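Only one structure is covered here, and it is reproduced in the block below.
What you see is a predicted model, and the numbers here were worked out from it, not measured in a lab.
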Amino acid sequence: EAFVLRLYREANPTGFIKAITDRAQGLTRGGFGIERILRTLFVPGLFLLPRFHESVAACMDACPPQVEEVRVNLTEPMLRCQSALVDLLKACMQELARSAPVLDANELTVENALTRGFDQLLRSYTDPVWHRMSYRSRQLVADIRTLRRFLLALTQ
């Protein structure tokens with residue numbers, strides 16, 4: 001499937017791809033969730049649409065929910081903090097890749113670290129070799145988790 005989609009994307013980079021799954025809960029779990037699927041299938045954006053029974057859909061059309069979303073821009077100090085946290089995260093990831101060569105360095109990127117399921121992905125890589133990792137490498141893993149929590153707290 002990925003091969004066919006890659007060929008399709010090469011010929012038509014803006015084409016529409018529609019997919020349906022009966023296991024939607026599996027997409028929300030870490031590690032192998034939506035981020036990895038989108039990256040594999042070369043899909044830049046995603047629209048998640050819930051499936052409704054016809055009577056519920058008719059009711060939703062008749063009286064749509066009033067949902068308001070409030071977005072607040074980051075202030076200048078917050079942007080500086082975010083930039084510094086991303087730089088620290090990048091440095092920790094590079095140091096972890098150097099100090100623990102048994103880990104897959106291709107997965108230890110800042111882009112992956114910003115995805116929702118990265119902690120679980122990192123745990124799946126480190127758990128089998130945790131007993132062989134140095135104290136410094138273990139501390140770097142803990143530091144990466146802490147920096148990710150700081151980034152999340154900053155933006156929510």
Side-chain angles (χ1 to χ4, degrees), residues 2 5-6 8-10 12-21 23-52 60-61 63-130 133-156:
L5 285 172
R6 189 170 31 250
Y8 176 74
R9 279 286 179 213
E10 287 175 2
N12 188 359
T14 60
F16 180 77
I17 297 172
K18 181 177 179 180
I20 297 175
T21 181
R23 296 176 289 159
Q25 292 82 10
L27 296 176
T28 61
R29 296 199 179 108
F32 302 100
I34 292 174
E35 297 92 2
R36 179 168 281 195
I37 292 171
L38 291 177
R39 204 171 39 241
T40 302
L41 300 179
F42 302 102
V43 178
L46 172 71
F47 298 102
L48 293 176
L49 304 173
R51 286 190 262 165
F52 290 109
M60 293 297 284
D61 290 338
C63 51
Q66 300 297 321
V67 177
E68 262 185 61
E69 183 177 324
V70 177
R71 290 186 161 243
V72 178
N73 292 331
L74 295 177
T75 63
E76 186 60 36
M78 292 171 77
L79 287 171
R80 286 195 307 267
C81 285
Q82 183 183 35
S83 177
L85 287 170
V86 169
D87 290 343
L88 288 169
L89 188 61
K90 183 178 180 181
C92 285
M93 301 283 272
Q94 290 171 346
E95 183 63 29
L96 181 62
R98 276 194 302 272
S99 66
V102 294
L103 300 178
D104 185 7
N106 293 332
E107 293 291 332
L108 296 177
T109 64
V110 175
E111 292 81 18
N112 286 345
L114 298 178
T115 61
R116 175 186 267 180
F118 183 75
D119 282 336
Q120 189 172 4
L121 179 69
L122 186 59
R123 194 174 309 118
S124 71
Y125 281 130
T126 57
D127 278 351
V129 293
W130 189 258
M133 290 175 63
S134 66
Y135 173 78
R136 182 181 175 102
S137 297
R138 292 179 188 184
Q139 187 61 51
L140 285 167
V141 170
D143 291 346
I144 289 169
R145 288 184 182 139
T146 302
L147 290 170
R148 283 177 36 82
R149 278 196 298 271
F150 285 159
L151 276 170
L152 184 63
L154 181 67
T155 58
Q156 289 188 347

side-chain contact (heavy atoms from CB on, under 4.5 Å) between Leu122 and Asn112, intermediate numbers included
CA-CA 10 Å; Leu122 186 59; Asn112 286 345; over 6 Å; no
Evaluate the criterion side-chain contact (heavy atoms from CB on, under 4.5 Å) for residue pair Met93 and Leu147; output intermediate values, then yes/no.
CA-CA 11 Å; Met93 301 283 272; Leu147 290 170; over 6 Å; no
Given Ile144 and Phe118, is the side-chain contact (heavy atoms from CB on, under 4.5 Å) satisfied, shown in steps?
CA-CA 10 Å; Ile144 289 169; Phe118 183 75; 4.0 Å; yes
Worked check of side-chain contact (heavy atoms from CB on, under 4.5 Å) between Leu96 and Asp143
CA-CA 10 Å; Leu96 181 62; Asp143 291 346; over 6 Å; no
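For Arg148 (side chain) and Thr115 (main-chain N/O), a donor-acceptor pair under 3.5 Å exists by modelled atom type.
Annotation for Arg138 and Met133: closest pair NE-O, 3.5 Å, computed over non-hydrogen atoms. The two residues Gln82 and Leu74 come nearest to each other via the heavy atoms OE1-CD1, 3.4 Å.
Atom CG of Leu140 sits about 11.5 Å away from atom CD of Gln94, to the nearest 0.5 Å. In this structure, the separation between CG on Asn73 and CG on Leu79 is 8.5 Å, given to the nearest 0.5 Å. Rounding to the nearest 0.5 Å gives a distance of 9.5 Å between CG of Leu88 and CG of Leu151.
Listed by chain and residue number, nothing satisfies the side chain to side chain donor-acceptor pair (under 3.5 Å) test with Arg123 (two or more places apart in sequence, or in another chain). With sequence neighbours left out, Ser83 forms a side chain to side chain contact (heavy atoms under 4.5 Å, CB included) with Asp87.
Side-chain contact between Tyr125 and Leu108 is absent, with no heavy atoms from C-beta onward closer than 4.5 Å. Between Pro77 and Arg80 the shortest side-chain heavy-atom distance falls below 4.5 Å.
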